[in-house]
**Q** 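I'd like to ask some things about the structure below.
Chain naming here is simple, since letters A, B, ... match the order of the sequence lines and numbering starts at 1 in each. Computed from a predicted structure; not experimentally measured.
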Amino acid sequence: MILDVAVQGVQMLLVLFLAPLFTGFVRKVKARLLRRQGPPLIQPYRDLARLMRKDVVLADSASWLFRVIPYLVFAAIWVAASLVPTFRTGLLFSWSADLIAIIALLGSARFFLALAGLDVGTSFGGIGSSREVMIASLAEPAMIMIVFTLALIAGSTQLSTMAAFMASSEVGLRVSLGLALIALMMVAIAENGRIPVDNPATHLELTMVHEAMVLEYSGRHLALIELTASLKLVLYVSVIACLFAPWGLAPAGAGLPALAVGISAYAGKLAVGGFLLALFETSIAKMRVFRVPEFLGAALMLGLLATLLRFVSGSF
Amino acid sequence: MSGIDFDIAHLLAGSLVLISFLELYQDRLYSLLNIYAVHALVLAASVAWQAFIQDAPHLYVTAGIALVFKAIVIPVALHRIIVRLGIHREIEKAVGVGPAMLAGIGLVALSMVVMLRVTSDADPLAREDLAFALSVVLLGLLMMVTRRNAVSQVVGFMSLENGLVLAATGAKGMPLVVEISVAFSILIAFIVIGIFLFRIRERFDTVDVQVLDRFRGERR
Amino acid sequence: MTVTIVLVCAGVLLALAPIAVALRSSNRATRFVYGASMIISAVSLIAAIAHLLGAAAPESITLPVGVPWLGAHLRIDALSAFFLVVVDLGAMSASLFALGYGEHETAPERVLPFYPAFLAAMTLVVLADDAFTYLLSWEFMSLTSWAMVMAHHRVPENVRAGYVYLVMASFGTLALLLAFGLLAGPDGMYAFAQMRAAHPSAALGALTLILALTGAGSKAGLVPLHVWLPLAHPAAPSHVSALMSGVMTKVAVYGFVRIVFDLAGGPAWWWSIVVLAFAGVTTVMGVLYALMQHDLKRLLAYHTVENIGIIFIGLGLALAFKAHGMLFAAALAFTAALLHVFNHSLFKSLLFFGAGAVLTATGERDMEHLGGLIHRMPQTAFVFLVGCVAISALPPLNGFVSEWLTFQAILLSPQIPSWGLKLLVPAVGALLALSAALAAACFVKVYGVTFLGRPRTPAAEGATETDWYSLAAMMLLALLCLLAGILPGLFIDALAPVSSALIGSRMPEQSGAQWLSIVPIAASRSSYDGLLVFLFMTISAMLAAFAIHRLASDRLRRAPAWDCGYPDASPATQYSAMSFAQPIRRVFGTIVFRAREASFMPPPGDTRPARLTVELRDLIWDAIYAPIVVGIGFAADRLNRLQFLTIRQFLSLVFGALVILLLVLAIWT
């Protein structure tokens, strides 16, 4: 019982502290691929510390909601990330929210962030919010279709049960799993605002969705929002890892050696995921904004096709 | 048939359907040709796998033909044709990407329903592979219907033929002579189409079929 | 006993109507009528809750009024009790809201007499146990709400709204009349108890389904019969709009459930296909229409259409499972649909009350003229935010729970052997997910443009907070939204008698699950704990705030917003409702609404303003209703000639009719 509580606590702190490191790692790999030195790996930690110390400069027309939203968004994403099995399945509170609830928590975070974009009453925030909800209107149904496919294969929507099923030998190489994996990667890129959907590195309103919504944030609020964005990226990589690469996950009730193996496997999966993400981002260009619905429409179609195949026959 | 053989065969057939969808999504000619080359590669892999599990060595020859001709020779030849015709720009679509992909899903659903109901007492692997093969054929037809550029219609025709080969290898016992005759007829058709494309281009300066429609004999 | 209490309450409400007419000149009439309605609805609510939670046996009573050989049968069973709870809760909160809102009504004598009669009519529809009482109460409900829609009859669009409403309501009642006629059979067995005992044939059952879907669906707002809803609901005063959207549509759902699940016998396997197809289309079309609107109340009315679609998806799944004998899954889908009935009545009423508060404070219904109201109406803004979060199906509030349960029901449906359903249910699931995401987008637009940002007009700048009655009603509903989201197990267990009675099975007992979570199927399969999610979020947010304020800085200063170096004086430069919806309009609207944008840029030197025109077309109206209107007009024009015949021609018409009848008599006997 004590071990369970400790594991849940370690999970929550682990994802929180690994998130900026993951972002730093992705930036470093991208820089190296472009033959630059790149910032040090711990630069995101320094950025967050610097932002935390600064004053918050609030626009005259901002409301109390604007000040509360960074904390709400952070809480929603942190709770969601704490429930994803990263190094051990069967977390203490994993039964309180299944994968559909986790997606809906991400949806609430996005809802509040879009409201923050509209709060100050300038056109920059409006651009970001309106594009963000357009992307969300296609990415979220695609994600739900992927969840349906995986739930129909694994017989459950609980992430711990699904991860345990995927790690066992009962799952074969299924067509719908392949389709779901591709669709999930497309959705993950769109939801985290990576190239080709959005450029996380620039601050021009014409090329960005996420950065435009949070343009007015400063100081500790901005630090929380950036931490939340890194945390969301780690959440998506963890979900892909625990569902499609579940090797090394310690089963529920395992002892300390298995947990250590789980943690190092997780670190390895993050490293591989970060490297692949950096490679992918460096090799293609960003799409025009109105090509993004076609991209996400394709993800939705793949998810729908995968679900349809599962409905039609159990061996797909 | 053990589980893993089943699954890999399914995976390869499903990847063929996925690549057909990718072909529907493309809007640049060069990338369409590359995707078609991958289509033919996956077909070759699928046929080779079928040869392995059915223990039918003549299917390896089919796989080899698919690899050499369809994955290498034909894409290179089409590439050259495109360069000479000078049409290496965007493909004009008659129907947008969204509706085309929705129609694609509908066609896959239709082929599932038809194949799985009609062959309800056959071998499960063969049934489902046939369902995938019919989907690839229908998606190839859809591509021919939704494109305005003659070269992309040729690619649709080729992927349709890939679907036919998949169907034939799925059902056990396709003799090599059938494969050779089918392949040669496709090759002849391809050469004829290529010649005609050049003549058309010389005459009318375009291979856009909508523009070509104006030069037909009887007018409405 | 319960049925007597509820019947007495309905009677007192009916008696209030002439009292309101008599009191119309008194300035305390408003307070009296709404206060009395509130107290009576509360009494009825308590009786209905007691009946539902006690899982009491059905009670009936027969009054010697109405048709001589039939009387008026009234009965309360689990289904009626649940819908009574919905009706009375909506009525109570609307009356509480109107205690404050009604003071601003310009023509109270056109609203006050009809309001208690409307409440009484809805109660009687839910209690009715024979076809005659049901139809009489249904028509009375339509008439009283029509009268209130026409309250501000000098506004031309209200006149058109009333006209379309009257036509569609008559059409719906005709369909229901035919449905009841089919069920009653040639012997005229109009009592529901007799209809239950008879077993209609398959063809009869099919016709009944179509007629019930048409009749009840048009009142509920199923596409394509929804056209009256976005015209009529905004035209009425806000508390009446809340009742029409939040409660009257649910009474229509009650009618559908009563006919299809109770009276028409066992469902055939294909019934669910029809229901699911229409429901899926309704869901997506409703929210897409809503996204294109910038009138606050019209948007909320279109959104009701979407939620009715979600309810009917649940009902369609329940029909599918019941037809194949999978009663456990049917109970899950049915409970999900009923829970959404309850949830929707809560948050839709809350949102309409908020719209009413904004309307009284600013005089504006158009979002493009509002903005920045969060600074001027802080409490209204807070409860409106709760309503927006609830309707967008976001945890930890109640909208998410019913949507989650519907998804769980969809995940059980691969076991259905029918091919049509195997292909339709994934498509419906995709449409449901799409509509949920679009609904969140819609409410970001509503809240962001109306309450956030800067005020766009002087009317918005001069807004003041509403009165305490309105705020109390909204806060009550917001609190209920939170409770239904945190403690969903209680509400699911309360619905168990209803599904036992109509489906024959019920969801597992939720009160035993750990930490008040809900486990719809099995613990290994899925579970959700609203309370824990809410607690975790609150604790994490407070922990983060505390840690950061202690360990890092907590200083704050105000400055002008970032303007890229160009001082931006006018609030017209911020995003408006139409501009916020532009990406979605471009992605979805070009196909669904033939949305076209045209811009006119004057040449340099010309001082005329540039114009951007957005053209949207309602394809359903163009394809279905416009031809019907044109056809009827054409036929009426032709028939008009009958007015201008000479006396000799009239006489020859009479003569011809007499001769034809005699001929028929001669040939037939």
**Q** Looking at A:Ser123 and C:Thr573, what are the two nearest heavy atoms and their distance?
**A** CB-O, 3.5 Å
**Q** Roughly how far, to the nearest 0.5 Å, is CZ of A:Phe311 from CD1 of C:Ile410?
**A** 7.0 Å
**Q** Tell me, for C:Cys442 versus chain A, whether the close heavy atoms (under 4.5 Å) come from the side chain, the backbone, both or neither.
**A** neither
**Q** Give me the atom names and distance for the closest heavy-atom approach of C:Pro426 to A:Met145.
**A** O-CE, 4.1 Å
**Q** Do C:Pro583 and A:Val289 come close enough that some side-chain heavy atom pair is under 4.5 Å?
**A** no
**Q** How far apart are the closest heavy atoms of A:Pro293 and C:Val587, and which atoms are they?
**A** CG-CG2, 3.4 Å
**Q** Under 4.5 Å, counting heavy-atom pairs only, tell me which of A:Leu99, A:Leu58, A:Val57 racks up the most with chain C.
**A** A:Leu58
**Q** Could you check if a side-chain atom of A:Leu105 sits within less than 4.5 angstrom of a side-chain atom of C:Phe536, using non-hydrogen atoms only?
**A** no
**Q** Applying side chain to side chain contact (heavy atoms under 4.5 Å, CB included), run through C:Val389 and A:Phe112 and close with a yes or a no.
**A** CA-CA 9 Å; C:Val389 173; A:Phe112 283 112; 3.8 Å; yes
**Q** Identify which part of C:Ser413 has an atom lying under 4.5 Å from any heavy atom of chain A, answering side chain, backbone, both or neither.
**A** both
**Q** Non-hydrogen atoms of chain A under 4.5 Å away: do they reach the side chain of C:Phe588, the backbone, both or neither?
**A** side chain
**Q** In terms of heavy-atom pairs under 4.5 Å with chain C, which of A:Leu152, A:Val68, A:Ile135, A:Thr307 leads?
**A** A:Leu152
**Q** Once the angle between the rings of A:Phe148 and C:Phe407 is folded into 0 to 90°, is it parallel (under 30°), tilted (30 to 60°) or perpendicular (over 60°)?
**A** perpendicular
**Q** Using heavy-atom distances under 4.5 Å, tell me whether A:Leu115 contacts chain C through its side chain, its backbone, both, or neither.
**A** both
**Q** Looking only at non-hydrogen atoms, find the nearest pair between A:Val120 and C:Arg454 and report the distance.
**A** O-CG, 4.0 Å
**Q** Can you sort out the partners of C:Phe443 under ring-ring contact (aromatic ring centres under 6.0 Å, His included), two or more places apart, ordered by chain and number?
**A** C:His303
**Q** Please confirm whether the backbone N or O of C:Trp562 pairs with a side-chain atom of A:Glu216, one donor and one acceptor, at under 3.5 Å?
**A** yes
**Q** Tell me, out of C:Ala522, C:Ser579, C:Pro560, C:Ala393, who's got the most heavy-atom pairs with chain A below 4.5 Å.
**A** C:Pro560
**Q** Can you tell if the side chain of C:Asp554 reaches within under 4.5 Å of the side chain of A:Val56, non-hydrogen atoms only?
**A** no
**Q** For chain C, which of A:Gly155, A:Gly126, A:Ala223, A:Ala49 has the most heavy-atom pairs under 4.5 Å?
**A** A:Gly126
**Q** Determine whether A:Arg67 and C:Leu556 make a side-chain contact, defined as any pair of heavy atoms from C-beta on separated by less than 4.5 Å.
**A** yes
**Q** Would you mind telling me which of C:Leu412, C:Ile548, C:Ile416 has the largest number of heavy-atom pairs within less than 4.5 Å of chain A?
**A** C:Ile548
**Q** Assess the residue pair C:Leu423 and A:Leu308 against the criterion (side chain to side chain contact (heavy atoms under 4.5 Å, CB included)); give the C-alpha distance rounded to whole Å, side-chain angles, the decisive distance to 0.1 Å, and a yes or no.
**A** CA-CA 7 Å; C:Leu423 296 180; A:Leu308 199 67; 3.9 Å; yes
**Q** Below 4.0 angstrom, N of the basic side chain to O of the carboxylate: do A:Asp55 and C:Arg555 qualify?
**A** yes
**Q** Would you mind reporting whether C:Gln408 and A:Thr157 have side-chain heavy atoms less than 4.5 Å apart?
**A** yes
**Q** Name the region of A:Phe66, side chain, backbone, both or neither, that has any atom closer than 4.5 Å to a heavy atom of chain C.
**A** neither
**Q** What part of A:Phe111 lies closer than 4.5 angstrom to a heavy atom of chain C: side chain, backbone, both or neither?
**A** both
**Q** What part of C:Gln582 is in contact with chain A, defined as an atom under 4.5 angstrom from a non-hydrogen atom: side chain, backbone, both or neither?
**A** side chain
**Q** Set out, in order, the CA-CA distance, both residues' side-chain angles and the distance that settles side chain to side chain contact (heavy atoms under 4.5 Å, CB included) for C:Phe451 and A:Leu65, then state yes or no.
**A** CA-CA 11 Å; C:Phe451 284 92; A:Leu65 192 61; over 6 Å; no
**Q** Do C:Ser527 side-chain atoms and A:Trp95 backbone N/O form a donor-acceptor pair below 3.5 Å?
**A** yes
**Q** Name the option with the most non-hydrogen atom pairs under 4.5 Å to chain A; the candidates are C:Val444, C:Leu385, C:Leu434.
**A** C:Val444
**Q** Side chains of A:Ser63 and C:Leu452: closer than 4.5 Å at any heavy-atom pair?
**A** yes
**Q** Are side-chain heavy atoms of C:Tyr528 and A:Ile100 found at a separation under 4.5 Å?
**A** no
**Q** May I ask you to list the residues in residues 371-382 of chain C that approach chain A closer than 4.5 angstrom, counting heavy atoms only, ordered by number?
**A** C:Ile374, C:His375, C:Phe382
**Q** Identify which part of A:Thr161 has an atom lying under 4.5 Å from any heavy atom of chain C, answering side chain, backbone, both or neither.
**A** side chain
**Q** Sort A:Val79 into side chain, backbone, both or neither according to what part of it lies under 4.5 angstrom from a heavy atom of chain C.
**A** side chain
**Q** Checking C:Ser517 against chain A: side chain, backbone, both or neither under 4.5 Å from a heavy atom?
**A** side chain
**Q** Could you tell me which portion of C:Arg558 (side chain, backbone, both or neither) has an atom closer than 4.5 angstrom to a non-hydrogen atom of chain A?
**A** both
**Q** What residue in C:Ser576, C:Ala581, C:Gly530, C:Ser540 has the most heavy-atom pairs under 4.5 Å with chain A?
**A** C:Ser540
**Q** Between A:Ala101 and chain C, with a heavy-atom cut-off of 4.5 Å, which part of the residue counts as in contact: side chain, backbone, both or neither?
**A** both
**Q** Which one, A:Ala151, A:Ala76, A:Ser137, leads in non-hydrogen pairs under 4.5 Å with chain C?
**A** A:Ser137
**Q** So which atom in A:Met52 and which in C:Ala552 form the shortest heavy-atom distance, rounded to 0.1 Å?
**A** O-CB, 3.5 Å
**Q** Is it the side chain or the backbone of C:Pro571 that comes within 4.5 Å of chain A heavy atoms, both, or neither?
**A** neither
**Q** If I measure from the heavy atoms of chain C, does A:Leu304 come under 4.5 Å with its side chain, its backbone, both, or neither?
**A** side chain
**Q** Just so I understand: if I count every heavy-atom pair under 4.5 Å between each of A:Ala75, A:Ser156, A:Ser130 and chain C, which residue has the most?
**A** A:Ser130
**Q** Between CG of A:Leu72 and CE of C:Met537, what distance do you get to the nearest 0.5 Å?
**A** 6.0 Å
